[in-house]
Amino acid sequence: MVPGAYATPTAVIFAIGGLFTCFAGYRLFRIVLALNGFIAGALIASHIPSQANTWTILMAMIAGGVVGALVMFFAYFVAVGLIGAGLAAMILHYIWKIIGGDPPTLLLVVVCVVGAVIALQIQRWVVAFGTSIAGSWTFLVGVMALTGNPKALIAASAPNIWVVYPIDLLPPTWWMMLAWVVLAVIGFVVQLRSTTTMGRRKAK
């Protein structure tokens with residue numbers, strides 16, 4: 001996990017990276033991929049034996065972050081497929097939350113595969129939608145951690161990488177869910193408009 005002394009810098013990275021991802025996810029997709037790959041790699045690498053000292057943990061996080069950034073930067077189509085699979089899995093989990101319990105593993109695999117295939121067919125929409133959702137949530141987690149929110153602080157210190165995933169923070173406060181949806185929609189619209197404008201300029 002991230003050492004407690006570094007929870008605040010981590011929250012700042014979450015907030016800035018999330019905002020960047022939310023509003024420029026498609027236009028600067030490779031950079032956003034590298035940034036989020038670094039965050040994911042660092043979080044995964046932080047799960048080294050708990051008896052390790054702070055310096056060892058930080059070095060492992062940096063190494064994991066660099067590997068994650070390189071993988072995501074060069075694996076463009078893989079990343080698009082993962083976004084589609086992730087969105088499909090998130091939607092399925094939310095639906096199953098209403099029913100109760102967890103979705104069957106086979107159904108989850110099938111839904112993820114379908115989501116990945118669809119994502120590769122409509123890349124622009126999926127990338128813009130996926131990055132706006134992920135970016136807005138990451139931004140909110142970072143901001144809430146900076147304001148001292150207990151759950152967000154847990155996400156920032158990352159004792160479990162999955163606490164950053166929104167479903168694991170349910171049931172959150174209603175206003176945070178509302179802020180997430182509103183910010184994601186705004187980010188999605190901004191991305192579509194900016195890419196449309198950019199496409200028109202290229203056409204001229």
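Along the sequence shown, residues are numbered consecutively beginning with 1.
Put simply, CG on Leu108 and CH2 on Trp96 are 10.0 Å apart, with the number rounded to the nearest 0.5 Å. For the atom pair Met177 CE and Leu140 CG, the distance stands at 10.5 Å (nearest 0.5 Å).
Both Leu183 and Leu178 belong to a common hydrophobic cluster when Ile, Leu, Val, Met, Phe, Trp and Tyr are linked at side-chain heavy-atom distances under 4.5 angstrom. In the hydrophobic cluster analysis, where Ile, Leu, Val, Met, Phe, Trp and Tyr join through side-chain heavy atoms closer than 4.5 angstrom, Ile91 is grouped apart from Val113. Val126 and Leu120 fall within the same hydrophobic cluster, defined by Ile, Leu, Val, Met, Phe, Trp and Tyr side-chain heavy atoms under 4.5 Å apart, directly or through other members. If you chain together hydrophobic residues whose side chains sit under 4.5 Å apart, Met90 and Ile122 fall into the same group. A single hydrophobic cluster is not seen to contain both Ile118 and Val109; linkage of ILVMFWY side chains at heavy-atom distances under 4.5 Å, directly or through other members, places them apart.
Shown here are the ring-ring contact (aromatic ring centres under 6.0 Å, His included) partners of Phe139, two or more places apart in sequence or in another chain: there are none. For Val185, the side-chain contact (heavy atoms from CB on, under 4.5 Å) partners two or more places apart in sequence, or in a different chain, are Val181, Val189. Residues satisfying the side-chain contact (heavy atoms from CB on, under 4.5 Å) test with Ala69, not counting sequence neighbours, are Ala34, Phe38. Every residue two or more places apart in sequence or in another chain that forms a side-chain contact (heavy atoms from CB on, under 4.5 Å) with Trp125 is listed here: Phe188, Leu192. With sequence neighbours left out, Ala85 forms a side-chain contact (heavy atoms from CB on, under 4.5 Å) with Cys112, Ala116. Here Ser132 pairs with nothing under the side-chain hydrogen bond (donor to acceptor under 3.5 Å, both in side chains) rule; sequence neighbours left out.
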Scan the side chains in residues 15-25 for donor-acceptor partners under 3.5 Å anywhere in the protein, sequence neighbours excluded, and list what turns up.
residue : atom : partner : partner atom : Å
Thr21   : OG1  : Gly17   : O            : 2.7
Thr21   : OG1  : Asn36   : ND2          : 3.0

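Partner Phe129 forms a side-chain contact (heavy atoms from CB on, under 4.5 Å) with one of Ile133, Thr131, Val127 and no other, that one being Ile133.
Heavy-atom minimum distance, Gly115 versus Ala88: CA-CB, 4.0 Å.
In this structure, Trp180 contributes its side chain and Ser136 its backbone to no donor-acceptor pair below 3.5 Å.
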